[in-house]
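Note that these values count all heavy atoms, side chains included, but never hydrogens, waters or copies made by symmetry. What you are looking at is a predicted structure, and each value in this text was computed from that prediction instead of being measured. Counting starts at 1 for both ligands and their atoms, following the listed order.
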Amino acid sequence: KKSLVKPKEIIMLYKGTNITVTVDADGIAEFCYNAAGSVNKFDRQTLNEFDAATQAIAGDVNVKGVVVHSAKPAFIVGADITEFTTMFSATDEEMLAWIQESSGVFDRFEDLDIPTIAAINGMALGGGFEMALACDYRIAETNAIVALPEVKLGIMPGFGGTVRLPRLIGADTALEWMTTGANKKAPKALSDGALDAVVAPEQLIEAAKGMLSDAIAGKFDWRARKTEKMSPLKLGANETIMSFNTAKGMVYAKAGKHYPAPNLMVSTIEKAAGLDRTGAMALENQGFLTLAKTDAASAQIGIFLADQVVKGVGKKMAKQATKEIKLNAVLGAGIMGGGIAYQGAVKGIPSIMKDINTDALDLGLSTAAGILEKGMQRKKVTPAKMAATLNNITPTLDYNAIKDADLVIEAVVENPKVKGIVLAETETHVAADAVITSNTSTISINHLAKSLKDPSRFCGMHFFNPVHKMPLVEIIRGEDTSDETIAAVVATTLRMGKTPIVVNDCPGFLVNRVLFPYFAGFSKLVLDGADFVAVDKIMEKQFGWPMGPAYLLDVVGIDTADHAAGVMADGIPERMQKLDNDPVTLMYNANRLGQKNGVGFYDHGKDKRGRPSKTPAQVAIDMIAEHAAPAQTFSPEEVIARLMIPMANESIRCLEEGIVASPAEADMALLYGIGFPPFRGGIFRYIDTMGLANFVELADKYAHLGPIYQVSDGVREMAAAGKTYFTA
Ligand code: NAD
């Protein structure tokens, strides 16, 4: 070993693009992450530098201890997820070699024969927190956040997290951290034992150096720290069985069969419990590889990347906004209007709420108050926040009250005539530069625009029910809508805490346009003799929707669904003609409106704890049987195909017609708008996973059922050319 350090001077021991290591006269090395990009993350380059920097430290006898810190507002945000798609499509051998090599870098750092400490500022997520775990000590600033969120991407920690965290904080707690992937604030991480100290931000580096000096001086047994992380878990045999069996049951109950990651984490940590670091790390390497190769991981990683796309598009559009929205006006204080007024108000945009009757206004206000009260019970809302939010909503019956509004959101009944009149009246009451939007679910924006003198200031702003919970707002550009209008509405949507996705106009826009063919597939299947309860079960348990189609129709409202199906049939008659004796229309004619009047496909009530409950309605079953083919059982594969092919086909048409700009935006719209199962990634990811050729073959098998099963020429050509919607 050589010595580079001369007394009283700071020398540069290692300098890379993303990492520098300096050593002071006392032999304290500052290992600083300072990426060339905006955040510190573990891409290939950084991992190489990490290894080289570690070797430089190991090779210098004068280095007595290491402080790892960041020069950015966050410590390290994790691995570079944009590298995953290509990396995970490598062969098993290549992938395994990469993960072994990468985790080996962390091991070599841990093996340094000097004390090490991580000084965590901002966020240490995933690989970032694994960096901290490879140190002997961890100190964080008061508002730091640490987590191992890999589970959210369908994978497990791969840089030693599953080995080190259980050995530091115990298997039970570590499993809770890893299987939920939840963010942990510094005080909680401290009490769980994942941190050794928490200090004010301005003291972070000094305090870290202080602890390190004490360790160097032998006041702490830092070697014992290393040994603990490299040894088997300290658990008795009985304890081990107990704790892992409990965890397995709980994790499986929560994650279910569609999410392999949390389940494999538990069994990996269990198998590794009796092993040293080498043995445990080999199991982690293997588990990481297994998960990286699952469809769920590519879907969940796909969602992460698609979300980045959607966020990027939204931010870019919002930046171009020239008009600032200071006051919203919502027309109609119903389910949607009340929710929209609340959402603006809670995010600090004062909202006028106008209706034509007082009862509706009272209902709108009490709905908002109800949401806030629930928040107060959960200690998420303070009384001051509740008061400020309610103060931000001004109920009125008077049109003149909207005269200063910058943005009007029309949410009156779904009737083209009524909406036309309301929009025309609105235009006479607001300033010439006010933006006017409609929350219609199905009516063409170009059609509604005809009621306005200036259609350039008009677009669709389609919220989802319940507004405060659903993240998506579909923004619909009509043929005359100006870019300024879209930019202002996108910016306001973001301020309201929602995710905007801009689509072009057509009946049903994107989300409802693809949802109604799915409902039509359901209706036809039921008329062919399927039991709607069985169909719901398959679509929930096997496909993974939050609600099966019959239940969803009951929740949406049978009247709403039946009416919207009519609008869709008028708009796209070549594919969306209503069926004779459509079960939805049968329910509607019998005044079975679903959850709202307690009867639909199901009878709705409340369970003992006051939560909504449902039982299949015999009346509904009998009513359908009168018009349907004799009852027969359909295989889960057939049920899924008959419902999902129409949705996929219509999504493909929307993409081909330019209604939606990209598969990524379409996937996020369905995920955020109607709860498309995350482990499937979205409708285009689903088609890709199946393979386009397989999809076309499957659809062709059902083509005789009608036009919603017939694939477009576009997808047929893509399939023949071996293409996919998302390229690796
Ligand atoms: P709703 O029946 O609950 O509320 C409509 C409200 O509009 C009523 O309070 C009514 O008094 C009021 N109204 C009627 N004419 C008016 C006028 N001239 N001026 C002011 N107020 C008037 O309906 P909703 O479910 O809230 O739906 C409203 C709109 O939102 C519809 O276009 C619907 O398609 C759309 N939408 C509904 C949902 C949903 O799930 N309910 C989801 C997305 C979009």
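- Annotation for ligand 1: atoms under 4.0 Å from non-hydrogen atoms of Ala360 are 9 (O).
- Looking at Lys578 and Asp570, no side-chain N of the basic residue comes within less than 4.0 Å of a carboxylate O on the acidic one, giving no salt bridge.
- Nearest non-hydrogen protein atom to atom 12 (C) of ligand 1 is Asp355 OD2, 3.2 Å.
- Of the protein's non-hydrogen atoms, Val413 CG1, 4.2 Å is the one closest to atom 2 (O) of ligand 1.
- Of all the listed residues (Thr358, Val412, Thr396), Val412 holds the heavy atom that lies closest to atom 22 (C) of ligand 1.
- Ring to ring, Phe519 and Phe516 are close: their centroids are under 6.0 angstrom apart.
- The protein non-hydrogen atom at the shortest distance from atom 44 (C) of ligand 1 is Ser441 OG, 3.2 Å.
- Distance from atom 27 (O) of ligand 1 to its nearest protein heavy atom, with residue and atom name: Met336 CG, 3.9 Å.
- Counting all heavy atoms, side chain and backbone alike, Arg592 lies closest to Met623 at CD-CE, 3.8 Å.
- Of all non-hydrogen atoms in Arg680 and Phe543, the two that sit nearest each other are NE-O, 2.8 Å.
- Between the side chains of Thr615 and Asp603, no donor-acceptor pair of N or O atoms lies under 3.5 Å.
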Run the salt bridge (charged side-chain N to carboxylate O under 4.0 Å, His left out) test on Arg477 and Asp483 for me, step by step, so that the C-alpha distance in whole Å, both residues' side-chain angles and the decisive distance to 0.1 Å come before the verdict.
CA-CA 9 Å; Arg477 184 196 288 272; Asp483 290 344; 3.0 Å; yes
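- Aromatic ring centres of Phe676 and Phe684 lie farther apart than the 6.0 Å criterion allows.
- The shortest heavy-atom distance from Phe463 to ligand 1 is under 4.0 Å.
- Close contacts between ligand 1 and Asn357 involve ligand atoms 11 (O) [criterion: under 4.0 Å to a heavy atom].
- Within ligand 1, counting atoms from 1 as listed, the ones closer than 4.0 Å to a heavy atom of His462 are 43 (C), 44 (C).
- Listed by number with element, the atoms of ligand 1 under 4.0 angstrom from any heavy atom of Thr440 are 32 (O).
- Annotation for ligand 1: atoms under 4.0 Å from non-hydrogen atoms of Val422 are 17 (C), 18 (N).
- Between the choices Asn415, Ile409, Ile356, Thr560, the shortest heavy-atom distance to atom 15 (N) of ligand 1 belongs to Ile356.
- The pair Arg513-Glu474 does not count as a salt bridge, with every side-chain nitrogen at least 4.0 angstrom from each carboxylate oxygen.
- In summary, the atoms of ligand 1 found under 4.0 Å from a heavy atom of Lys419, numbered by their order in the structure, are 31 (C), 32 (O).
- Using a 3.5 Å distance cut-off with no hydrogens or angles, the side chains of Asn512 and Ser441 do not pair a donor with an acceptor.
- Residue nearest to atom 5 (C) of ligand 1, selected from Ala411, Gly364, Gly337: Ala411 (by heavy-atom distance).
- Of the protein's heavy atoms, at least one falls inside 4.0 Å of atom 18 (N) of ligand 1.
- The protein heavy atom nearest to atom 30 (O) of ligand 1 is Asn439 ND2, 2.9 Å.
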Given the rule in the salt bridge (charged side-chain N to carboxylate O under 4.0 Å, His left out) test, do Asp433 and Lys323 qualify, once you have shown the distances and angles that lead to the verdict?
CA-CA 9 Å; Asp433 70 339; Lys323 180 169 175 57; 3.4 Å; yes
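- Without hydrogens or angle criteria, Glu410 side chain to Val422 main chain gives no donor-acceptor distance under 3.5 Å.
- The closest protein non-hydrogen atom to atom 3 (O) of ligand 1 is Ile335 N, 3.1 Å.
- Taking the centre of each ring, Tyr725 and Tyr686 stay at or above the 6.0 Å mark.
- Taking 4.0 Å as the cut-off, Glu425 does not count as a neighbour of ligand 1 on heavy-atom distance.
- Among all non-hydrogen protein atoms, the one lying nearest atom 4 (O) of ligand 1 is Gly334 CA, 3.2 Å.
- No heavy atom of Glu410 sits closer than 4.0 Å to any atom of ligand 1.
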